[in-house]
Amino acid sequence: RAKATLSERICFYEVAMDEAARDRRKMASDLWSAIDRNELHLHYQVQKSVSTGEITGYEVLLRWEHPTRGNVPPADFISVAEECGAIVPIGEWVLREACKEAAGWAEKHKIAVNLSPVQIGHQDIAHLVHSVLFETGLEPWRLELEITESSIIVDKDRALLTLRQVKNLGVSIAIDDFGTGYSSLETLRSFPFDKIKLDRSFMNEVETSEQAKAIIRAILALGQSLSIPVLAEGVETDVQLGILLDEGCDEAQGYLLGRPMPMRSRKIAA
Ligand code: C2E
Ligand code: MG
Ligand code: MG
Ligand code: MG
């Protein structure tokens with residue numbers, strides 16, 4: 001059988017590219033109406049103290065139930081939402097909804113809300129946080145915002161000013177996915193973060209790789225010397241949790257401790 005000619009292959013590639021682009025455009029337009037159609041939901045994933053097992057908070061994770069696509073994972077739609085700008089109203093919805101829900105909980109746990117760099121670039125976050133706390137009555141100490149290094153890289157002055165304003169409201173700031181960016185140490189130096197979230201990739205290898213363990217140990221030492229607690233993400237096994245306990249890690253989050261789920265089902269399960 002004859003192989004496809006180069007031009008046939010290029011043509012196929014272009015069609016595939018075209019379809020991918022069209023799919024993203026369709027997804028983008030669906031995202032703009034997702035809030036009004038009640039397609040967005042919040043899941044919560046527990047965070048615990050490694051040494052005592054006590055609950056220290058819950059991370060808020062966005063879920064999109066699309067009428068035909070089904071559950072679309074954040075990995076597939078957050079970047080689309082960032083590209084088209086829909087992350088601004090969506091992020092605002094997440095913040096408001098999470099604060100509203102948490103304000104009604106019997107136990108006053110902290111919540112950690114993810115913030116996109118695009119949100120920081122496009123709206124007055126401090127003003128938004130201030131109004132949402134006022135509207136919902138959530139105590140500021142119960143809110144933590146998780147930002148990644150990319151937030152600071154885009155427009156450093158604006159990002160740092162925003163973070164300072166938010167901190168002045170009594171809200172805490174965590175640096176998410178720490179250790180994967182290209183200038184992690186510079187980022188730590190530029191802002192007094194309240195928590196370091198060690199990226200999940202380190203957990204993957206900690207059981208088998210002495211190097212991974214050494215890096216975790218170094219980051220924990222760094223956290224300790226800067227007086228910033230460290231939370232390990234993606235903890236899936238007892239062995240991993242044991243290592244974190246030995247190494248003096250403060251907090252952990254992962255499937256071993258609890259899967260992300262709606263707060264309602266958690267209460268029924270408990
Ligand atoms: P992230 O902020 O680092 O959130 C942690 C991710 O790790 C979540 O994925 C969570 O379900 C997953 N995870 C937790 N424990 C484990 C584990 O033990 N093993 C494994 N393999 N994974 C675990 P999820 O919910 O799919 O979210 C992915 C990313 O999407 C988040 O990463 C965050 O960057 C973004 N995201 C989610 N919700 C929001 C949101 O409301 N706003 C913004 N801007 N981004 C969000
Ligand atoms: Mg996060
Ligand atoms: Mg993370
Ligand atoms: Mg991550």
Side-chain angles (χ1 to χ4, degrees), residues 31 34-35 39-48 50 56-65 70-102 110-123 125 128-129 132 143-151 154 159 172-181 184 187 193-207 219 230-241 244 251-262 266:
L31 272 169
I35 299 177
E39 293 168 2
L40 301 181
H41 307 280
L42 300 181
H43 278 192
Y44 295 84
Q45 186 177 33
V46 74
Q47 302 177 325
K48 290 183 175 176
V50 170
T56 53
Y58 287 92
E59 179 170 3
V60 179
L61 295 160
L62 182 58
R63 297 293 177 257
W64 184 21
E65 176 73 41
N71 280 314
V72 188
D76 292 351
F77 74 81
I78 295 287
S79 68
V80 178
E82 286 177 336
E83 246 171 59
C84 73
I87 193 68
V88 173
I90 288 174
E92 190 171 329
W93 179 87
V94 170
L95 179 71
R96 185 169 282 112
E97 194 63 21
C99 290
K100 210 190 291 172
E101 287 190 18
K110 278 180 79 166
I111 52 166
V113 175
N114 291 286
L115 204 65
S116 157
V118 176
Q119 287 176 272
I120 296 178
H122 283 76
Q123 67 187 145
I125 294 293
L128 172 68
V129 168
V132 168
L143 179 63
E144 182 160 84
L145 297 180
E146 294 192 1
I147 65 146
T148 54
E149 282 167 64
S150 45
S151 299
V154 176
S172 55
I173 311 283
I175 177 105
D176 204 356
D177 303 337
F178 186 80
T180 54
S184 300
T187 308
F193 290 98
D194 300 287
K195 188 182 287 181
I196 295 171
K197 295 193 75 180
L198 186 62
D199 192 71
R200 181 151 57 84
S201 55
F202 296 103
M203 271 315 105
N204 289 338
E205 290 180 52
V206 74
E207 289 181 36
I219 295 177
V230 178
L231 178 148
E233 301 188 271
V235 179
E236 296 181 352
T237 70
D238 283 312
V239 175
Q240 291 169 346
L241 191 62
L244 293 175
E251 293 176 41
Q253 178 182 343
Y255 295 161
L256 178 71
L257 305 154
R259 296 232 168 209
M261 58 173 103
R266 189 180 305 281

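One-based numbering, in listed order, for ligands and for the atoms of each.
Nearest N/O/S atom of D176 relative to the Mg ion (ligand 2): this is OD2. Take the N/O/S atoms of E233: the one nearest the Mg ion (ligand 3) is OE2. For D177, the N, O or S atom closest to the Mg ion (ligand 3) goes by the atom name OD1. The nearest N/O/S atom of E59 to the Mg ion (ligand 2) is OE2.
Judged by the shortest distance from any of its heavy atoms, E59 lies inside the 4.0 Å radius around the atoms of ligand 1. Distances shorter than 4.0 angstrom occur between a heavy atom of P260 and an atom of ligand 1. Not a single heavy atom of E82 lies less than 4.0 angstrom from ligand 1. Ligand 1 lies less than 4.0 angstrom from a heavy atom belonging to G234.
Closest approach of P74 to L62, counting heavy atoms only: CG-O, 3.4 Å.
Counting heavy atoms closer than 4.0 Å to ligand 1, residue R200 contributes side-chain atoms (C-beta onward) but none from N, CA, C or O. Residue contacts with ligand 1 for D177 involve side-chain atoms from C-beta outward but no N, CA, C or O (heavy atoms, distance under 4.0 Å). Counting heavy atoms closer than 4.0 Å to ligand 1, residue D176 contributes side-chain atoms (C-beta onward) but none from N, CA, C or O. Counting heavy atoms under 4.0 Å from ligand 1, residue Q45 touches it through the side chain alone. Contacts between R63 and ligand 1 below 4.0 angstrom, taking non-hydrogen atoms only, involve the side chain exclusively.
Listed by chain and residue number, nothing satisfies the salt bridge (charged side-chain N to carboxylate O under 4.0 Å, His left out) test with E149 (two or more places apart in sequence, or in another chain).
For H122, the NE2 atom is loosely surrounded, since the number of other residues' heavy atoms within 6.0 Å does not exceed 12.
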Under the side-chain contact (heavy atoms from CB on, under 4.5 Å) rule, what do W64 and L40 come out as? Steps first, then yes or no, please.
CA-CA 5 Å; W64 184 21; L40 301 181; 3.7 Å; yes
Could you give me the CA-CA distance, side-chain angles and deciding distance for T237 and M203, then say whether side-chain contact (heavy atoms from CB on, under 4.5 Å) is met?
CA-CA 9 Å; T237 70; M203 271 315 105; over 6 Å; no
What verdict does the side-chain contact (heavy atoms from CB on, under 4.5 Å) test give for L42 and W93, after you've listed the backbone C-alpha separation in whole Å, the side-chain angles of each residue and the deciding distance to 0.1 Å?
CA-CA 10 Å; L42 300 181; W93 179 87; 3.8 Å; yes
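Looking at ligand 1, you'll find an N or O of L62 within less than 3.5 Å of one of its N or O atoms. By the 3.5 Å distance cut-off applied to N or O atoms, Y255 is counted among the residues near ligand 1. Considering backbone and side-chain N/O atoms, E233 comes within less than 3.5 Å of an N/O atom of ligand 1. Ligand 1 has no N or O atom lying under 3.5 Å from any N or O atom of Q253, backbone or side chain.
Judged by distance alone, the side chains of Q253 and Q47 do bring a donor and an acceptor atom under 3.5 Å apart.
A distance-only check finds no donor-acceptor pair linking the side chain of D176 to the backbone of T148 [under 3.5 Å]. Although no hydrogens or angles enter the test, the distance criterion places no donor-acceptor pair under 3.5 Å between the side chain of E146 and the main chain of A112.
Residue I78 holds the heavy atom nearest to atom 35 (C) of ligand 1 of all those in L61, I78, V60. Across I90, V94, N114, heavy-atom proximity to atom 43 (C) of ligand 1 is greatest for N114.
The Mg ion (ligand 2) has an N, O or S atom of E146 inside 2.8 Å of it.
Counting only residues at least two apart or in different chains, salt bridge (Lys or Arg N to Asp or Glu O under 4.0 Å) contacts with residues 77-99 comprise R24-E83, E92-R96, R96-E135, E97-K100.
For the side chain to side chain contact (heavy atoms under 4.5 Å, CB included) criterion with L95, the lone passing option out of V60, L145, N114 is L145. The one candidate from V132, I173, V129 that meets the side chain to side chain contact (heavy atoms under 4.5 Å, CB included) condition with L143 is V129.
Taking 4.5 Å as the limit, every side-chain heavy atom of T187 sits out of range of all side-chain heavy atoms of F178.
Distances below 4.0 Å separate heavy atoms of E236 from the following atoms of ligand 1: 17 (C), 18 (O), 19 (N), 20 (C), 21 (N). Atom numbering of ligand 1 starts at 1 in the shown order; those under 4.0 Å from a heavy atom of G254 are 15 (N), 18 (O).
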